[in-house]
Amino acid sequence: MGGLQKKKYERGSATNYITRNKARKKLQLSLPDFRRLCILKGIYPHEPKHKKKVNKGSTAPRTFYLLKDIRFLLHEPIVGKFREYKVFVRKLKKAYGKTEWSSVERLKENKPAYKLDHIIKERYPSFIDALRDIDDALCMCFLFSTFARTGKCHVQTIQLCRRLTVEWMNYVIASRALKKVFISIKGIYYQAEAMGQLITWLVPYQFSHDHPTDVDYRVMATFTEFYTTLLGFINFRLYHSLNLLYPPKVSWTLKQSQMKLSALSASLARVVSTAEEDEAELDQFPVDGEDMANMEAREKEQKQEEAQKKLFEGLKFFLNREVPRESLAFLIRCFGGEVSWDKSVCIGSTYEVKDETITHQIVDRPNIDKQYINRYYIQPQWVYDCVNAKIILPVEDYFLGVTLPPHLSPFVEEKDGDYVPPEKLKIMALQRGEKPAHEQEDEEEEEEEDEEEEEEEEEDDNEEEGDDGEEAEEKNLKKMEEQRSQGKSLSVKVTAGKVKVENPARLEQEEKAEEKRLAIMMMKKKEKYLYDKIMFGKKRKVREANKLAAKRKAHDDAEKSKKKARK
Amino acid sequence: MEWYRDFPHIGYNLDGKKIYKPIRNKDELDDFLDKMDNPDYWRTVPDKQTGSDVVLSDEQVQLVNRLQRGQFGDANFNEYEPQVEFFSRDVMLHPVTNRPADKRSFIPSLIEKEKVSKLVHAIKMGWIKPRRVEDDSRGRYYDLWANEDSSILARHKMHLPAPKIPLPGHQESYNPPPEYLFTDEERALWEQQDPCDRKLPFVPRKFSSLRQVPAFSRFIHERFERCLDLYLCPRQRKMRVNVNPEDLIPKLPKPKDLQPFPTTQSLVYRGHSGLVRSISVSPSGQWLASGSDDGSVRFWEVCSSRCLKTVQVGGAVKSVAWNPNPSVCLLAVALDSVVLILSPSLADRQVVLSSERLLSAPQEADANEGAGPVTWSETEGEELNHGIRLKIQHPKAVQQVSWHAKGDYVASVMPDHSSNLQVLIHQLSRRRSQNPFRKNKGLVQCVSFHPVRPYFFVGTQRSVRIYNLVKQEMTKKLQANSKWISSMAVHPGGDHVICGSYDCRLSWFDLDLSTKPYKMLRHHKKAVRGVAYHRLYPLFASASDDGTVIVCHGTVYNDLLQNPLIVPVKVLRGHEITHDLGVLDVTFHPTQPWVFSSGADATIRLFT
């Protein structure tokens with residue numbers, strides 16, 4: 001007894017969280033300002049473990065912020081700037097209302113502005129942290145750089161995004177960092193490796209956007225504001241890591257629409273030479289036998305990577321006017337190829353169609369009138385597939401008018417048990433250096449796979465078979481009994497019994513399976529639940545893989561029958 | 001002049017007479033001829049006022065030319081004459097005007113003073129700021145991470161980075177393999193589903209070439225949603241359970257090492273035509289008795305599966321129980337509201353005689369108990385010939401009979417909610433019956449005697465009560481944690497009890513540990529109908545409606561500190577499920593590791 005009465009919700013988790021409205025009131029900010037602040041400072045709501053406790057017994061849906069986060073925001077200098085801006089807008093309105101043009105001018109000159117440098121430093125204390133978080137920034141900047149001047153955002157923002165993305169692409173070309181690329185229905189995915197970080201970004205197709213009405217562009221603009229600052233600093237650092245000057249000297253005076261290409265076509269001769277110098281060989285350390293294999297594997301991988309970097313070296317490409325020029329030019333330059341296009345399409349072309357040394361011309365139309373005999377006419381997918389396969393693929397499948405092989409995602413890494421499309425197997429065989437001798441081989445492989453699956457199914461059926469045998473015996477017995485009960489004399493006959501051949505391996509397997517089943521019965525309830533869940537997930541995966549395989553088989557069969565019918 | 005355009009005159013003279021226009025009858029041809037012939041044609045101008053043509057003189061033509069060129073009309077006018085400075089900076093001897101200076105010209109201006117003071121005040125108060133120096137540091141980048149002080153705050157440790165956008169799979173390709181495209185059903189399903197339920201947020205599509213790929217209409221939406229996720233979505237650290245499912249399976253001793261236990265079905269006893277509710281093995285292990293719904297009790301030879309004897313008792317047999325005493329050969333049979341004591345005379349003479357003696361010994365107690373709820377009667381005639389020796393008539397339907405280990409007492413169960421008369425204990429030697437309980441404590445399902453000590457187990461619907469028969473008090477109440485107990489068996493050591501229940505569970509009680517089950521086994525998929533312990537081997541079995549008998553190895557250690565080890569060793573299948581009933585009763589052979597089971601398919605099976 002004695003002591004003060006403990007009140008509910010005055011300690012523990014209830015005091016660690018704060019609702020959004022309360023946080024807003026504490027910071028004395030309007031909702032848009034609060035939102036902007038959260039975006040810039042990277043403050044996000046937290047999901048408490050016990051929502052009801054935090055919500056003081058209520059179950060109403062609320063978003064909670066950590067109280068510490070909000071206290072942290074209190075010290076942010078930008079909050080002051082927000083308030084200043086609010087006052088500025090008010091003064092400006094007043095001045096306009098009174099038609100005091102001189103004060104309007106004076107106010108406009110003193111428009112409060114803020115910088116985000118310190119926030120970036122605070123959010124990303126080290127460069128690697130920033131680099132790790134750059135995916136979204138790149139996606140957003142690439143999206144904004146494709147916007148037209150529609151009033152959805154400031155023109156300066158669009159131009160800045162355009163500049164930064166071009167700089168980024170320039171860096172990727174200079175460092176030969178591109179790893180993977182994927183043409184999806186959404187846009188083109190690129191993956192590059194910078195300072196050991198895998199960075200993926202998505203570039204939309206070059207079409208004018210159909211601006212949706214249910215999207216709040218202010219939120220996007222705030223994000224972009226932060227991302228452009230971040231990307232600028234990252235670009236600076238990356239350029240300096242390559243001993244390049246930042247910002248790069250590109251003739252920005254050119255028309256905006258042509259900026260990207262002209263920037264890209266600016267020859268990077270000096271850069272390439274430095275890049276080659278960088279390839280200092282790794283020192284060989286004496287290692288134990290165990291690690292040797294590891295080391296060798298790593299070395300092999302490294303060699304492969306080096307080879308990939310020089311994939312298109314020595315090849316000369318010419319882009320027809322209908323292909324996505326920017327993406328292809330970027331790609332080909334990333335892997336050391338030379339590229340040009342028609343002079344009338346865009347500036348920056350370096351050689352003409354008539355050039356005899358061109359090895360590949362990339363065309364995306366069913367046929368072409370005038371063909372040169374000493375070059376391949378291929379469809380653009382070839383370039384993308386080559387990059388993903390890390391080898392120069394045979395061009396036969398990609399000629400004009402040919403039905404293209406499926407374009408596979410390089411980001412999917414199949415584990416054993418997953419479904420692997422046959423095209424991937426083909427590419428893997430090519431990577432291993434095997435010749436794509438005949439298509440029959442592939443078919444055989446497929447069949448093998450199918451057989452394996454069937455075997456698995458059979459195994460499942462095994463138990464039932466055993467029961468079937470017993471049942472049959474029983475039926476026999478019953479029959480005999482019936483006959484006996486009816487008073488008929490049994491035709492007693494002894495036939496030579498068949499020796500039941502027992503497969504010891506199979507028996508052992510069965511025994512093991514039974515043992516496992518019995519052990520599963522003894523599991524605790526909690527563990528059983530978990531186990532069932534895991535097994536359910538596994539089975540679902542298998543089911544999905546089987547479904548895909550079946551679909552593929554049906555499709556192939558249909559194709560075959562169609563072919564036969566045509567013959 | 002335009003007023004007179006349509007009239008022949010062009011005005012009036014002082015007398016008011018019309019002045020007529022000069023007669024002009026020149027047509028175009030005359031005009032042309034005039035143009036050709038007249039050298040002064042170019043300087044001839046019609047005078048609108050008089051209507052006559054005027055030939056301009058040379059001076060007049062010159063004037064016109066000058067005006068056209070924008071020059072002064074007067075040819076002699078010099079526009080570049082030197083300026084005469086009337087008002088110069090030189091102080092003249094005589095002023096131009098002799099006006100005295102204004103007062104305001106030498107008094108400081110009040111208005112200006114006011115203005116200045118306003119400005120001064122505004123500057124003082126910080127309302128007016130000096131024009132800002134153009135700050136171009138905005139938008140200029142530098143090496144932000146030049147001095148990496150690695151000041152990792154606690155915030156950064158607490159920070160939960162947003163998960164990256166999942167990388168696209170094959171189905172997102174513009175030219176995916178054909179198996180990733182939707183079939184018609186899949187597409188219909190996709191369209192029916194809510195956007196949040198869909199596995200894929202888009203429909204996979206195939207384009208034959210890159211130039212046919214259109215813009216993705218939801219691109220900005222998806223970016224925006226990602227933005228929303230980044231700043232609005234609550235984040236929580238979740239521990240992913242990353243266990244190998246094989247590790248979850250408990251490590252049990254191999255069933256092989258726990259042999260012997262029944263593994264295969266070796267004999268089937270056929271002959272009954274109704275479902276076999278109860279079976280019992282004689283203490284010698286040579287005979288098997290079974291009671292069925294077809295109203296017969298059959299005696300089988302265990303080894304040969306021959307039916308030696310069939311006794312028609314005239315009612316569905318609920319329970320049969322062989323007297324556990326090896327020196328007598330008696331069988332208790334429960335049907336309807338009668339308990340029959342059968343002497344099947346399936347033993348050697350000595351045993352048969354001793355059982356006869358037991359049945360016929362006392363007669364005097366009969367009179368005392370005449371008023372009780374139970375009437376004992378001896379059978380005669382046909383029934384006697386069949387071996388039915390005694391009939392104990394109960395007031396209600398009897399569900400189960402159970403012998404004491406000594407073989408003199410038999411307990412019968414009459415489940416009934418309403419009265420306290422649910423269990424009766426009969427003494428054979430004195431032909432006496434008694435009701436041990438005064439109070440109704442729930443629906444009694446089954447009873448059992450303790451194999452060695454004077455305890456009595458009563459299984460009610462939810463719990464098992466243990467009574468001390470000597471002290472006549474309840475010693476323990478075991479909570480089965482199940483909805484409805486169906487059967488119960490007591491370990492031959494007497495310290496363990498297993499209970500089967502209709503909610504598929506089997507609970508093992510260790511009487512030394514607690515009143516809660518030591519283990520709950522959920523092996524069966526359907527109601528457990530019967531459980532049994534083996535007398536010698538550490539085995540127990542449970543029979544269930546799913547048609548299986550599960551044999552488990554349950555080692556009980558003499559050491560009190562060591563808990564019993566329970567390992568399921570075999571799932572025995574064989575019985576067919578008829579009318580949703582599978583195996584109804586199970587019992588072990590007294591000496592061999594064999595198990596008998598009786599099922600709803602009218603068979604009894606022996607697993608060895």
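Every chain is numbered from 1 and lettered A, B, ... according to where its sequence line falls, protein lines coming before strand lines. What you see is a predicted model, and the numbers here were worked out from it, not measured in a lab.
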Heavy-atom contact with chain A under 4.5 Å, split by part of B:L252: side chain
Output field: ring centroids A:H211/A:F147 closer than 6.0 Å: yes
Between A:N320 and A:E322: side-chain donor-acceptor atoms closer than 3.5 Å: yes
Heavy-atom distance under 4.5 Å to chain A: side chain of B:C552, backbone, both or neither? neither
Contact part of B:K238 toward chain A, heavy-atom cut-off under 4.5 Å: side chain, backbone, both or neither? neither
If you count heavy-atom pairs under 4.5 Å between each of B:T183, B:L232, B:V243, B:L521 and chain A, which one has the most? B:L232
Ranked by heavy-atom pairs below 4.5 Å to chain B, first place among A:R35, A:R20, A:K528, A:H209 goes to A:R35
Ion pair present between B:E246 and B:K251, side-chain N to carboxylate O less than 4.0 angstrom? no
Of the backbone (N, CA, C, O) and the side chain (C-beta and beyond), which part of B:P176 lies under 4.5 Å from a heavy atom of chain A, both, or neither? backbone
Among A:L530, A:V412, A:N235, A:I183, single out the residue with the greatest number of heavy-atom pairs under 4.5 Å to chain B. A:I183
I'd like to verify something: which residue of A:Q379, A:E423, A:Q381 has the highest number of heavy-atom pairs under 4.5 Å with chain B? A:Q381
Residue part contacting chain A, namely of B:Q171, when any heavy atom lies under 4.5 Å: neither
Chain A: which of B:I566, B:L228, B:V567 shares the most heavy-atom pairs with it under 4.5 Å? B:I566
For each of A:Y205, A:F72, A:Y65, tally heavy-atom pairs with chain B at distances under 4.5 Å, and name the one with the top tally. A:F72
Side chain, backbone, both or neither of B:V571 within contact of chain A (heavy atoms, under 4.5 Å): both
Pair B:D601 + B:R605: basic N to acidic O under 4.0 Å: yes
Please tell me whether A:D117 and B:Y142 have a donor and an acceptor in their side chains that are separated by less than 3.5 angstrom. yes
Need one label for B:S208: side chain, backbone, both or neither, based on atoms under 4.5 Å from any heavy atom in chain A. backbone
Leading residue by heavy atom contact count with chain B [cutoff under 4.5 Å; candidates A:R106, A:E527, A:M523]: A:M523
Between B:R237 and chain A, which part of the residue has a heavy atom less than 4.5 Å away: side chain, backbone, both or neither? neither
Structural part of B:R226 lying under 4.5 Å from a heavy atom of chain A: side chain
Side chain, backbone, both or neither: which part of B:I550 has a non-hydrogen atom closer than 4.5 Å to chain A? side chain
May I ask you to name which of A:P380, A:P324, A:P421, A:P405 has the most heavy-atom pairs under 4.5 Å with chain B? A:P421
Identify which part of B:F219 has an atom lying under 4.5 Å from any heavy atom of chain A, answering side chain, backbone, both or neither. side chain
Okay, B:I165 and chain A: the region with an atom under 4.5 Å from a heavy atom over there is side chain
Side chain from CB out, backbone as N, CA, C, O: work out which of these in B:K570 comes under 4.5 Å of a heavy atom of chain A, or both, or neither. both
